[in-house]
Amino acid sequence: MAGLTGRMSTVVKAKVSKLLDRAEDPAETLDYSYQKQVEQLQNVKKGIADVVTAKKRLQMQESTLQQSVVKLDTQARQALAAGKEDLARTALERKNVAQTELQGLDTQVAELEDQQQKLTDSEQKLRAKIEAFRTKKEVIKAQYSAAEAQVRISEAATGVGEQMADVGLAMQRAVDKTENMKARADAVQELEAAGTFDDITQLGGGEDDIDRQLKQLSSQPAVDDELAKMKSELGSGESAPAPQIAAGEDAPAAEAGQS
Amino acid sequence: MIVRISGEEQYRLPDGDKERLNELENAVIASIDAGSEGAFPPAFTALLDYVRSNGEVLGDEELDSSDVILPPSDLTFAEAGREFTGEGLIPD
């Protein structure tokens, strides 16, 4: 088969021969194969640990952002109740940006969970194949002449090598994915470091660079809608009740930045 | 004939299935050549599904090499396109 599968087969087979070609003395090949297999299994475990670490990092960011969303929502209500509509709008803009980032993070965490599951399955399969190889190697050694055994064990080693190469490819994909995600996580971190999601009551008087950037990042129609909704919830504004702390949670996530 | 779906299993299929597999693969290639991002996923899924439903999964104790290796099921259209510009699915 040419094309798609041909290319794929070529890549994997090249990796298999790389994995198997390193033993110089054929007599050592058998034990060397097994040793390489066990090493590769360690690499897979490390790969899984890396994915888990990346996932945890994103989850921590998620929880920080979730707190910011609740806080900014509360502050917007407070500002509005105090008749400071500009401040309320700023808080909602920031909340909108935080919510959009949260949605992105959610998707990424789900993707990493998927990767983690796939790698864990692959690791189990590879472990089972390596175990089968170890047993088979001894059986073949006992049953065949040295030369014949060499051939048969090499075949088996190639089969395990293919499994190793395949797990290696899956790991490479996982690493690529986490690296792409890291870029986004870093961007969120920059926003955080710039105080984007901090207490808006700490804001100075004038509009700063962050505010101007936020205006561009946030969805203005969504912010307008939310501001209008908040106003109507607060009634005419005269006897505005104390802002509800829980309000941030029923602020409909679907409303902002969903498009 | 042994077919591996990368990231999944190895399957044993009758040698006679080769022709059908070729047809299914050609449909995948046609969708890529046509730059049809919409036609690619169903064509690619049809290829993988054929192998999954007509093949018999190799047990863990079977240490055979595959005759054909199919890309992983989460292959994107962009990645599939790169296959043909020589960059390959995963650079060495």
Side-chain angles (χ1 to χ4, degrees), chain A residues 1-18 20 33 37 111 114-115 117-119 121-122 124-137 139-140 152-163 165-177, chain B residues 1-10 13 17-33 40 43-44 47-48 51 57-92:
Chain A
M1 294 176 102
L4 202 61
T5 55
R7 171 72 193 158
M8 188 72 199
S9 302
T10 309
V11 170
V12 172
K13 285 191 194 329
K15 283 188 189 292
V16 173
S17 55
K18 238 190 227 171
L20 297 178
S33 292
Q37 290 166 10
E111 260 183 55
D114 189 46
Q115 293 290 327
Q117 187 56 51
K118 279 184 184 159
L119 284 180
D121 291 348
S122 298
Q124 279 167 6
K125 184 164 276 295
L126 182 58
R127 178 188 299 280
K129 294 252 178 198
I130 290 173
E131 187 50 33
F133 177 80
R134 197 178 63 85
T135 312
K136 201 164 192 161
K137 182 166 73 101
V139 172
I140 292 173
R152 286 175 182 263
I153 294 174
S154 287
E155 281 169 8
T158 306
V160 180
E162 186 184 301
Q163 190 73 39
D166 195 49
V167 174
L169 289 176
M171 274 193 354
Q172 185 60 51
R173 278 168 78 77
V175 167
D176 289 349
K177 275 197 178 153
Chain B
M1 172 172 58
I2 295 175
V3 179
R4 175 187 288 276
I5 299 178
S6 183
E8 293 177 33
E9 304 279 354
Q10 282 175 293
L13 282 101
D17 280 4
K18 197 160 193 167
E19 210 167 299
R20 180 68 188 133
L21 279 179
N22 268 323
E23 285 169 18
L24 289 165
E25 192 196 6
N26 286 338
V28 177
I29 293 171
S31 76
I32 297 165
D33 283 347
F40 169 73
F44 186 47
L47 173 63
L48 299 185
V51 174
V57 177
L58 258 67
D60 287 339
E61 71 294 345
E62 295 187 74
L63 305 176
D64 296 301
S65 304
S66 308
D67 300 296
V68 174
I69 300 174
L70 297 173
S73 61
D74 63 354
L75 185 81
T76 64
F77 181 70
E79 285 175 318
R82 282 201 290 277
E83 292 284 289
F84 295 90
T85 58
E87 197 182 314
L89 181 67
I90 307 286
D92 287 303

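Numbers restart at 1 for each chain; the letters A, B, ... are given by sequence-line order, proteins then strands. Owing to the predicted nature of the structure, the values given are computational and were not obtained by experimental measurement.
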Treating B/E62 as the side-chain partner and B/G59 as the backbone partner, does any N or O pair qualify as donor plus acceptor under 3.5 Å? yes
request  = Say whether, by atom type as modelled, one donor and one acceptor occur between the side chain of A/Q163 and the main chain of A/K125 under 3.5 angstrom.
outcome  = no
Bottom line for B/D74: the part with an atom under 4.5 Å from chain A's heavy atoms is both
The interface call for B/E8 against chain A, heavy-atom contacts under 4.5 Å, is backbone
Test side-chain hydrogen bond (donor to acceptor under 3.5 Å, both in side chains), reference A/E131, set A/R127, A/K129, A/R134, output is A/R134
Which atoms of [X] are under 4.5 Å from chain B, going by heavy atoms: the side chain, the backbone, both sets, or neither?
X: A/A156; value: both
X: A/K118; value: side chain
X: A/Q115; value: side chain

- Item | Beyond-backbone contact of B/L63 with A/K136, side-chain heavy atoms, under 4.5 angstrom | yes
Which of B/I69, B/V51, B/V68 passes side chain to side chain contact (heavy atoms under 4.5 Å, CB included) with B/I5? Answer is B/V51
